[in-house]
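A short worksheet on the structure shown next.
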Protein chains: 2
Amino acid sequence: MSTAAHRRLTTDSWESLLRAQVTVMREFNKEPLLKELGSREYDVLFSLSRCSSGWLRLNELNDHVLLTQPSISRMVDRLESRGLVQRKTVEEDKRGVLIGLTEAGVAVQKKVGRAHVEHIQDIMETALSDEEMRTLLVLTEKLQRSVRGN
Amino acid sequence: MSTAAHRRLTTDSWESLLRAQVTVMREFNKEPLLKELGSREYDVLFSLSRCSSGWLRLNELNDHVLLTQPSISRMVDRLESRGLVQRKTVEEDKRGVLIGLTEAGVAVQKKVGRAHVEHIQDIMETALSDEEMRTLLVLTEKLQRSVRGN
DNA sequence: TAATAATAGATACAAACGCATATATCTCAC
DNA sequence: GTGAGATATATGCGTTTGTATCTATTATTA
């Protein structure tokens with residue numbers, strides 16, 4: 001199928017997803033705690049706090065954050081010099097680097113994370129019912145899987 | 001309601017929305033035509049092409065793109081010097097500026113836009129059914145309205 | 001209406017970004 | 001094992017970004 005109405009639906013649904021992300025993100029950026037960290041930097045700390053082993057390769061971090069590899073590399077530099085993350089060479093592949101949170105990094109992530117979660121609750125709960133959030137979760141996960149699978 | 005499961009659902013649904021946007025956006029950035037324009041610059045041309053009067057105030061542009069006011073101001077500088085947009089002073093408020101596409105800007109937006117739409121079709125159609133896209137559209141619009149309404 | 005505050009946009013400057021490329025290590029064919 | 005290509009990360013450099021601030025114009029209030 002490829003009618004005008006169908007094309008319209010397809011682009012509109014993507015447009016709306018994008019705008020929703022921009023709108024909510026702009027709201028998050030008002031969070032005062034993010035002033036001392038930046039939302040992308042928080043994203044890195046968050047990713048590290050979530051992974052099972054506690055360590056991620058640089059290129060794995062790259063999958064989560066919308067930045068180029070060199071930018072992430074230098075961002076890790078900065079976070080490292082602030083004592084929030086640490087680098088560790090990988091035994092089985094000496095080209096690679098593992099990134100992990102320091103104790104200070106864990107603390108900062110938790111502090112900012114708590115405020116962030118409250119903010120998310122606030123926004124999402126006001127906007128959507130549980131059932132709607134469940135549906136949104138299913139659809140966006142499906143979208144992700146489909147793109148990654150290409 | 002504020003159980004652990006509920007908090008989890010709330011943050012997960014936002015996380016997934018964010019990741020889906022990052023994943024799809026990364027895919028879009030592969031589009032060769034965007035090399036000569038940048039996805040945020042395209043976003044500006046697109047916004048101008050969509051508005052009914054053909055002209056937007058700088059601060060209105062700012063609502064659409066995730067950039068600060070000074071960044072947009074300078075981005076318009078660049079697009080202007082490339083002959084893609086034009087500035088016009090507002091009669092009823094001489095502080096303000098109206099931004100509009102030039103003929104060349106319209107042409108470029110259409111050219112890049114066509115490729116972009118095809119790319120969107122490709123990604124969204126593979127991932128979701130029409131019914132699912134409709135649902136996604138409804139939910140993300142609801143989310144936007146709720147946030148803006150604050 | 002004069003004085004004060006608020007708003008729209010532009011500019012200076014340091015920090016952060018992307019592109020191209022360098023370096024180091026690994027993989028695989030021969 | 002040795003050389004060619006692939007992969008992981010780092011670095012040089014010009015461009016773009018955000019924060020703070022400035023100018024110009026409009027709104028407010030006394």
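Order of the sequence lines fixes the chain letters, A, B, ..., with proteins taken first and strands second; residue numbering starts at 1 for each chain.
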Query raised in the report: Quick one: B:Asp93 CG to C:dA8 C1', roughly how many Å, whole number?
Result: 7 Å
Requested in this report: Measure distances between side-chain N and O atoms of A:Arg95 and base N and O atoms of D:dT9, and say whether any donor-acceptor pair falls under 3.5 Å.
Outcome: no
Query raised in the report: Would you say the side-chain atoms of A:Glu31 pair up with the backbone N or O of A:His116, donor to acceptor, closer than 3.5 Å?
Result: no
Report task. Go through the N and O atoms of the side chain of B:Gln69 and the base of C:dA10, and report whether any donor-acceptor pair is under 3.5 Å. Result -> yes
Query - Nearest-nucleotide pick for B:Arg87, side chain only, options being D:dA10, D:dT17, C:dA10 - result: C:dA10
Requested in this report: Give the intermediate values and the outcome of side chain to side chain donor-acceptor pair (under 3.5 Å) for residues A:Asp130 and B:His6.
Outcome: CA-CA 8 Å; A:Asp130 275 30; B:His6 177 255; 3.0 Å; yes
Query - Of the listed nucleotides D:dT9, D:dG18, C:dC17, the one nearest the side chain of B:Ser71 - result: D:dG18
Report summary line: Side-chain atoms of A:Ser73 come closest, of D:dA10, D:dA8, C:dG9, to D:dA10
Report task. Ignoring the backbone of A:Pro70, work out which of D:dG18, D:dA10, D:dT19 is nearest its side chain. Result -> D:dA10
Query raised in the report: At under 4.0 Å between heavy atoms, what does B:Arg74 touch on the DNA or RNA strands: base, sugar-phosphate, or nothing?
Result: base
Query raised in the report: To the nearest angstrom, how far is B:Glu36 atom CD from C:dG18 atom C1'?
Result: 17 Å
Query raised in the report: When the distance from CD of B:Glu80 to C1' of C:dA10 is rounded to whole Å, what number comes out?
Result: 12 Å
Query raised in the report: Hey, does A:Arg57 reach any base, or is it just sugar-phosphate, or nothing, if we go heavy atoms under 4.0 Å?
Result: sugar-phosphate
Query raised in the report: Can you name the nearest heavy-atom pair linking B:Arg26 to A:Asn62, along with the distance?
Result: NH2-O, 2.7 Å
Report task. Go through D:dT17, D:dT9, C:dT11 for me and flag the one nearest to the B:Arg40 side chain. Result -> D:dT17
Query raised in the report: Between the main-chain N or O of A:Lys142 and the side-chain N or O of A:Ser146, is there a donor-acceptor pair closer than 3.5 Å?
Result: no
